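Just follow the structure's listing: the first ligand is 1, and inside any ligand the first atom is 1. Everything quoted here is computed from the prediction, not taken from an experiment.
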Amino acid sequence: MGGKITSETAARRCLREVLGAFRGCVTERREVLLEPYLRGWRGLIRFLHSLGAVFSFISRDAEAKVQLMEGYCRGERRERYVSLQAMVQYELASGVVDPHKRSGRADSGCRTVLRLHRALCWLQLFLEGLRTAGEDSRPSAICTDSYNASLAAFHPWVIRKAATVAFCALPPRGAFLEAMNVGSAEDAVAVLGEALPYIRDVYGITQELFAEHRLLDLP
Ligand SMILES: CCCCCCCCCCCCC/C=C/[C@@H](O)[C@H](COP(=O)(O)O)NC(=O)CCCCCCCCCCCCCCC
């Protein structure tokens, strides 16, 4: 029993962490702080991991991107990577990224965050679908629809295919909400409802920032 409580507490902390992290991203000046942003992603990746090995090709890619960004946040130029705004300004001014050239550094913070940012669009759609769909709805179908309406446009055929196959392994709604480990299905739905406005806000600010600097198509 003690073990059960411990593992439940860990999972619960995980979801609370995700929630709290995205809430803590946006400053009064509407800047997006990178540290809580990456902490939020870490929590999501951990959750994805708990859903099984079929998703590991997805979590590995997300993990690599988060790790690269964490390196910048701890590196020599860490003050340039405190917020997305600071990062964009620095990488543009120093020529690390150039929106007018098709070539660009494959490890720039901007192109890496752009991938996570696009995935955040999928997440918004998926969580909203999960929250509002009926009891008989299937997370695998909601996930496929959300993916096709967002991230799929940026992925080659082979990735789209692999992703769509993996989505079939998602558990049914009841079990999925239970895996979130925040209590009853109603509690889980409430947690999603609380988290979504913050995720939307982070997405909106990032989208505007990247659009303003013409960074939405970075290769
Ligand atoms: C719950 C089901 C989770 C399904 C996840 C849906 C997203 C599917 C993404 C498929 C990505 C496949 C892996 C490879 C991707 C890359 O090619 C591609 C491009 O990168 P590149 O330009 O460096 O080459 N990478 C990406 O687009 C970034 C993908 C990042 C995916 C992060 C997914 C995290 C999922 C977290 C799930 C949490 C659910 C929470 C529910 C309460």
Original post:
For atom 18 (C) of ligand 1, what's the nearest protein heavy atom and its distance?
Top reply: His155 NE2, 3.6 Å
Original post:
Looking at ligand 1, does Arg60 have a heavy atom less than 4.0 Å from it?
Top reply: no
Original post:
Between Arg200 and Glu128, is there a side-chain N and carboxylate O pair less than 4.0 Å apart?
Top reply: yes
Original post:
Does Arg118 approach ligand 1 within less than 4.0 angstrom via side chain, backbone, both or neither, non-hydrogen atoms only?
Top reply: neither
**OP:** Give a yes/no verdict on whether any heavy atom in Leu127 is under 4.0 Å from an atom of ligand 1.
**Re:** yes
**OP:** Considering only Ile, Leu, Val, Met, Phe, Trp and Tyr, and joining two whenever side-chain heavy atoms are under 4.5 Å apart, list the other residues clustered with Val82.
**Re:** Leu33
**OP:** Could you see which bit of Leu151 sits under 4.0 Å from ligand 1, with heavy atoms only: side chain, backbone, both or neither?
**Re:** side chain
**OP:** Classify the side-chain pair Arg77/Tyr72 by whether it contains a donor and acceptor separated by less than 3.5 Å.
**Re:** no
**OP:** Consider ligand 1: state whether an atom of it lies below 4.0 angstrom from any non-hydrogen atom of Phe167.
**Re:** yes
Original post:
Shared ILVMFWY cluster between Phe57 and Phe126, side chains joined below 4.5 angstrom?
Top reply: yes
Subject >> Same apolar cluster: Leu151 and Leu125, side chain cutoff 4.5 Å >> reply: no
Original post:
If you measure from NE2 on His49 to OG on Ser59, what distance do you get to the nearest 0.5 Å?
Top reply: 6.0 Å
**OP:** Starting at CG of Asp145, measure out to CZ of Arg138 and round the result to the nearest 0.5 Å.
**Re:** 9.5 Å
Subject >> Arg115 touching ligand 1 at heavy-atom level, < 4.0 angstrom >> reply: yes
Original post:
To the nearest 0.5 Å, what is the distance between CG (Leu209) and CZ (Arg30)?
Top reply: 12.0 Å
**OP:** For Ala86 and Glu79, work out which heavy atoms get closest and say how close.
**Re:** CB-O, 4.4 Å
Original post:
For atom 23 (O) of ligand 1, is the nearest protein heavy atom under 4.0 Å away?
Top reply: yes
Subject >> Option with minimal heavy-atom separation from atom 37 (C) of ligand 1, where the choices are Phe57, Phe126, Phe55, Trp122 >> reply: Trp122
Subject >> Protein contact to atom 38 (C) of ligand 1 [nearest heavy atom, distance to 0.1 Å] >> reply: Leu44 CD2, 3.8 Å
Original post:
In the protein, what heavy atom is nearest to atom 28 (C) of ligand 1, and what distance, to one decimal place, separates them?
Top reply: Asp61 OD2, 3.4 Å
**OP:** Could you find the nearest protein heavy atom to atom 3 (C) of ligand 1 and give me its residue, atom name and distance?
**Re:** Leu48 CD1, 3.4 Å
Original post:
So which heavy atom in the protein is nearest atom 40 (C) of ligand 1, and how far is it from that ligand atom?
Top reply: Phe47 CD2, 3.7 Å
Original post:
Please state which protein non-hydrogen atom is closest to atom 2 (C) of ligand 1 and give its distance, to 0.1 Å?
Top reply: Leu170 CD2, 3.8 Å
Original post:
At under 4.0 Å between heavy atoms, which part of Ile159 makes contact with ligand 1: side chain, backbone, both or neither?
Top reply: side chain
Original post:
How does Trp41 reach ligand 1, if at all, at less than 4.0 Å between non-hydrogen atoms: by side chain, backbone, both, or neither?
Top reply: side chain
**OP:** Could you please spell out the steps behind the side-chain hydrogen bond (donor to acceptor under 3.5 Å, both in side chains) verdict for Tyr81 and Glu91?
**Re:** CA-CA 10 Å; Tyr81 289 89; Glu91 290 198 343; 2.6 Å; yes
Original post:
Should Val158 and Phe154 be counted in the same cluster of Ile, Leu, Val, Met, Phe, Trp and Tyr side chains packed under 4.5 Å apart?
Top reply: no
Subject >> Shortest protein heavy-atom distance from atom 20 (O) of ligand 1, along with the residue and atom involved >> reply: Lys65 NZ, 3.2 Å
Subject >> For atom 33 (C) of ligand 1, the protein heavy atom that lies nearest, with its residue and separation >> reply: Ile58 CG2, 3.9 Å
